[in-house]
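Every chain is numbered from 1 and lettered A, B, ... according to where its sequence line falls, protein lines coming before strand lines. What's counted below: heavy atoms across the whole structure, side chains too, no hydrogens, waters or symmetry copies.
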Amino acid sequence: MWQYILRRTGQAMVVIILVTFLTFLLLHNLPGGAARSALGLDATPAQIDAYNEQMGYDKPFLIQYMMYLGRLASGDLGFSFQQNQPVADLIVQRLPKTMLLSFLAAFVALVVSIPLGAIQAVTRGKVPDYFVTAVALFAYATPLFFLGMLLIVLFSQTTSLLPPQAPQGFGLGEILADWPGLILPVATLAIATLAAYTRYVRSSMIDNLQENYIRTAKAKGLSGGRVVVRHALRNSLFPVISLLGMYIPALFSGALVVEQLFNYPGMGLMFWQATQTRDFPILLATTTIVALATVIGSLLADFAYAVADPRVRLSGDS
Amino acid sequence: MTPPAPADDVLLDISDLHVSIPQRKGVATPLRGVDLTVRAGRMLGVVGESGSGKTMTALAVMGLLPGNGHVSSGSIRFDGVDLTAVSGRESRRRRGTEIGMIFQDPMTSLNPTMTIGAQVSEGAMIHEGLSRRDARTRAVDILRRVGMPRADRIVDDFPHQLSGGMRQRAMIAMALVNHPQLLIADEPTTALDVTTQRQILDLIEDIQDEFGSATILVTHDLGVVAGRADEVAVMYAGRVVESAPAQELFRDPAHQYTRALLAALPERARQGDDRLFAIPGMPPDLRSETTGCPFAPRCHAAQEDCRSGPVPVITRGDRHEVACLHPGDLAEAGHDLDDVRTPETPVGGRGHSAATDAGEAPGTVLDVAGLTKEYPALGGSFIRRTVGTVSAVSDVSFSVREGETFGLVGESGCGKSTLGRLIALLENPTRGELRLNDEDVTVVTGRRESRAAHREVQMMFQDSSAAMDPRMRIDEVLSEPLVIQRIGTKDSRSERAEELVADVGLADDVLERYPHEFSGGQVQRIGLARSLALGPRLVVCDEPVSALDVSVQAQVLNLMKDVQAEHGLAYVFISHDLSVVRHMADRIGVMYLGMMVEQGPADVVSETPRHPYTRVLIDAVPTVDREDERDRLLVEGELPNATDPPSGCRFRTRCPFAQEICATTPPVHEFGEEGDSHSVACHFPLPADGSLPVRAEASA
């Protein structure tokens, strides 16, 4: 088991280094240049050269990358001249908010999709299955921003049940205190992910219900509910663990839209604003962090899978 | 059949049972009037080919019919209660406590993520409300009783950590946990090797004695029920066509289907006749209605009344019931089934006679010397690296002559398939020499040389449909080898394809169809045709009939012999089934854990095996004819790990005669006195008279 964790962590490190390299390469080659966007259109060539020299942008690409890696290792994510703050500080403020939003959405999606998918599998080819499939596909096909607006119109404009704007508090405590404001953003993000999860749980469950061991369980005289929950559902959830790890990028891009829509001061909103103003340090840092989160997320999913599934657990250390 | 008046000892009485399963197109009726009785404490063998309804009958008793399947008429009386009429809850209660079932494939039939203990004890926890701790104790106890080694540790293991035989023991323990009155075993040993099969069948018999439970043993293998079951019921097309006390059924089979089935067994054709009796055609479609006897279209003795009339059940002697209008004559009792022998005309005589008839010694097609194949065993913490080797084939030498069949037998994991792939040049050996037609092909380099070598040797697989591209039509499948070899034109290739299907007894129209449209037997014919496309001198057949029913198996084996005679082909015939190999092969090689332990003429090796392992293998094969009551040699345990094979003789860890020298010195092949072609790699070969020497130490 430990050997397995060690090996997978080592592989993840390699992936992370490759990811930072690619991100750096992409942003480095963006047109316009950091100096121009930082200093404005009126800057003279001399000013730009001076800026580039100060920031190290005149050095060869690889040297710049190594410098970036060095700063990254010491937690220095650069300085946003537009916000006049170190990027690291900005991220410390905003990352927890986005994480709160994403985790809540993922949690709601799981809690709803697992029973829903299970019910679909058990009633396969009957009315409940078709109904949920239709609703899920509808939700899946609806663009996130439209879904969010629809919810705002339904629950704030027409009925005034819920506030149309996310909580604006500075810390997590303040945000949680204003929880009704979270309901719509979390629901928007959850509904979009839920559709995919439900389909996944359904097909995984259908596969498992056809396995021979289900027949064995029935032959023991177990009740239908126990066969489904104890034997089929448990084994159907292992693939969902991997799905969770893979869904981190999707959650972030969802947060990008949702934060914008509900004016929620998280990473997504900051990223969107940074693209508008070409705030390179923020773009670079955010992309790197999302990439890191993706790699770490799938790593954790693999570990969780190994802990949950004895077949992986035991073959991993051989 | 008229059910006998329920006597006191009748535990299960199935009467005129019909089951139908609505499907997208029409309704399938897998059971069409089944009558069966099981007496308390007795074993009933239910025998039939695939689709005969034997498993469906078992599932109906369990109340576990698949899909929308339901009992449409008839009754299943268990202990006086009609199971078709009880509620779901009541049926569930019986399932766990009064009727237990053992399923076929112990790997897929166990939940992969629950410990053995949890699965075994689950039934007791549900039905008796045992606590977790008591349930665990019960699991350990019942696992011990089914002979599970280290039961107290196995309870915490998961199914994939156990060998096939141990999984089946766990399965049996699970069925027994609440001491059911009736145990249903559905093909309990089909996925297991013969030596393990024997252990499991013995266990089921012991359990029946110990627990006093009745047993239904469902199997396609007549040999499995012979000598074990008290009574046997033969099923065909959803009906019981014949039932009788076991001994009587095998001594005096009456129904023409039973007689044909027995005649199709390779072991029955052993003496003299080279061709097997093959039942023509296929069983009827379960969606169509049949009138008269369902076997009539395939029966050699069928007459007009069989096709039209009702078929009454006649009683012959004590408890022997037959649903046949023209049963075999009592006067022909015994094994004389010549009256039902071969309605087809054989194409040739003995397969290997082509060269010998010409008076000259046949040339050698294949010569294998010291062939070894090792695979790297991967491991390591950070980067995958080789941490050892798996010895799949070790120092194997033999040769095959023109027109000859060399049979390779051994249990799974013995290396016979790897050896086959090495011979077919699909893999490169680690060491040793491989000569085809006197040319060294050990390592073939270059595209041209490789193509030339592959023209000489081809392969036929167990599941030919899986070995064909599902999106290729049969004509493409058959001409592809020619395209790859750049032989002929488009026209000549399609001519060749027509020739090939004619060779294997199929009509032209198969060329335009796809692999999935064919039955198992037809697909094997096409697989044989494909292997013949390039006109090879040697065909390696890897378990070519293992997936087929006995009657179809006979058709394919006959065809293989005909084709061999016609083309002067040599076969390397790989199979786990000794009676099939014995029927097909001129010479046999027996493999154990990568090594060839014995080889020689087929008759000599199977009559007087010299290696203890060969003897074990032969004694473990369940056969219909048990007249030979010599001592049987049994082994315990299962195949050791090939990553770290035992030193010296690899069989020594399971050999009852092993001595010190066996662990230190690997035995070399030595030839016996009866001829120079029978060789055995053993320090203490068995005497040639078939007796068993006194064991070195007392062991079961």
Side chain, backbone, both or neither: which part of [X] has a heavy atom under 4.5 Å from chain A?
{"X": "B/M171", "result": "side chain"}
{"X": "B/L110", "result": "backbone"}
{"X": "B/L59", "result": "side chain"}

Pick from [options] with the largest number of heavy-atom pairs that fall under 4.5 Å of chain A:
{"options": "B/M107, B/Q104, B/M114, B/R94", "result": "B/M114"}
{"options": "B/R93, B/E122, B/M174", "result": "B/E122"}
{"options": "B/G123, B/S109, B/G96, B/A175", "result": "B/S109"}
{"options": "B/T108, B/I99, B/T113, B/I102", "result": "B/T113"}

Greatest number of heavy atom pairs closer than 4.5 Å to chain B - which of A/E211, A/R230, A/K218: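 Greatest number of close heavy-atom pairs with chain B: A/K218.
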
A/Y65, OH atom: more than 12 neighbouring heavy atoms under 6.0 Å: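 More than 12 within 6.0 Å, yes.
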
Heavy atoms of other groups near A/M67 CE, more than 12 under 6.0 Å: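 Yes.
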
Donor-acceptor pair between B/T643 and B/N641 side chains, under 3.5 angstrom: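 Yes, because at least one side-chain N or O of B/T643 sits under 3.5 Å from a partner of the opposite role on B/N641.
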
Side chain to side chain, A/I206 and A/Q210, heavy atoms closer than 4.5 Å: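 When only atoms from C-beta onward are counted, A/Q210 and A/I206 do touch, with a gap below 4.5 Å.
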
B/I207 side chain near B/L176 side chain, heavy-atom distance below 4.5 Å: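 With C-beta onward as the side chain, the pair touches.
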
Donor-acceptor under 3.5 Å (A/S204 side chain, A/S236 main chain):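 Checked: pair present.
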
